Amino acid sequence: SRFTTEVMAGNQERTFIMIKPDGVQRGLVGDIIQRFEKRGYKLVAMKFKQFDEAHLKQHYIDLADKPFYPKLCKFMSSGPVVPMVWEGKDVVKMGRAMLGATNPLQSNPGTIRGDFCIDLGRNICHGSDSVDSANKEIALWFDKTELASWSMCTGDNVYE
Ligand code: UDP
Ligand code: MG
């Protein structure tokens, strides 16, 4: 490949994306993963597992003073979820754009939430809101040894 290490470094931003219990129940796992794959982003880590409420309370710790926090954490631990790490250029911001607005009634059609959801508390997918949050969330959900180190053969066909 003609990429220098320097050029590749800019394409190595990472975000934490998680399909929520409602997304799993509704059979949308494949669709959501496919959107990130098709866009050209690289999957670095993934699990399929139910996590306890304490873990979800830690994940949503910044929302601890919100009235919906207990209900949110309880729901998020009610069934298996699909936590993932995706990598690529501007993936934190693009991940949020692909998800759509938090409130599905304000999410544009074409986005994950805009295509599949109606209610705020059933918006099927989580995405980190900043590079800083992404780093914290990745560290909370994955051990370093669970992050795969691999290069995609898409190479020059995704990045110029
Ligand atoms: N949420 C809720 N009621 C609210 C606001 C948020 O149930 O009034 C839920 C919603 O599912 C959202 C999650 O809490 O996805 C986390 O809220 P945040 O503001 O971080 O939105 P997000 O980053 O997920 O878009
Ligand atoms: Mg958030």
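Because the structure is a prediction, the values reported are computed rather than measured. Heavy atoms only: backbone and side chains are in, while hydrogens, waters and symmetry mates are out. Just so you know, ligand 1 is whichever comes first in the structure, and atom 1 is the first atom listed for that ligand.
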What one should report as the nearest heavy-atom pair of H126 and R113 is CA-NH2, 4.4 Å
Run the contact test for M18 against ligand 1 with a 4.0 Å cut-off on heavy atoms, strictly below, and give the result. no
Would you mind reporting whether V29 and V24 have side-chain heavy atoms less than 4.5 Å apart? yes
For the pair D115 (side chain) and P109 (backbone), establish whether a donor and an acceptor sit closer than 3.5 Å, ignoring hydrogens and angles. no
For ligand 1, which atoms have a heavy atom of R113 less than 4.0 angstrom away? 15 (O), 24 (O), 25 (O)
Can you list the ligand 1 atoms lying under 4.0 Å from a non-hydrogen atom of Y60? 16 (C)
Has the side chain of R26 got a donor or acceptor atom that lies under 3.5 Å from a matching backbone atom of F116? yes
I'd like to check whether L120 has a polar contact with ligand 1, where a contact means an N/O of the residue lying under 3.5 Å from an N/O of the ligand. yes
Checking a contact table here: which protein heavy atom is nearest atom 7 (O) of ligand 1, and how many Å away? G121 CA, 3.8 Å
Candidate with minimal heavy-atom separation from atom 19 (O) of ligand 1, of D22, T102, D119: T102
Heavy-atom gap K20 to ligand 1 smaller than 4.0 Å: yes
For L63, the atoms of ligand 1 under 4.0 Å from one of its heavy atoms are 16 (C), 17 (O), 20 (O)
In terms of residue, atom name and distance, what is the protein heavy atom nearest to atom 14 (O) of ligand 1? L72 CD2, 3.3 Å
Distance-only donor-acceptor pairs under 3.5 Å for side chains of residues 74-90, two or more places apart:
unit_1, atom_1, unit_2, atom_2, d
S77, OG, C73, O, 2.9
S77, OG, K74, O, 3.1
S78, OG, F75, O, 2.6
E87, OE1, R14, NE, 2.7
E87, OE1, R14, NH2, 3.0
E87, OE2, K42, NZ, 3.3

Between D143 and T145, does the side chain to side chain donor-acceptor pair (under 3.5 Å) criterion hold? Intermediate values first, please. CA-CA 5 Å; D143 186 86; T145 61; 2.6 Å; yes
Looking only at protein heavy atoms, which one is nearest to atom 2 (C) of ligand 1, and how far off is it? F68 CD1, 3.6 Å
Using every non-hydrogen atom in the two residues, find where L105 and I118 come nearest and quote the distance to one decimal. CG-O, 3.5 Å
Tell me every residue that passes ring-ring contact (aromatic ring centres under 6.0 Å, His included) with F51, counting only those two or more places apart in sequence or in another chain. H55, W141
With atoms numbered from 1 as shown, which atoms in ligand 1 lie under 4.0 angstrom from a non-hydrogen atom of N123? 10 (C), 11 (O), 12 (C), 15 (O)
Of all the atoms in ligand 1, which lie at a distance below 4.0 Å from a heavy atom belonging to R96? 22 (P), 23 (O), 25 (O)
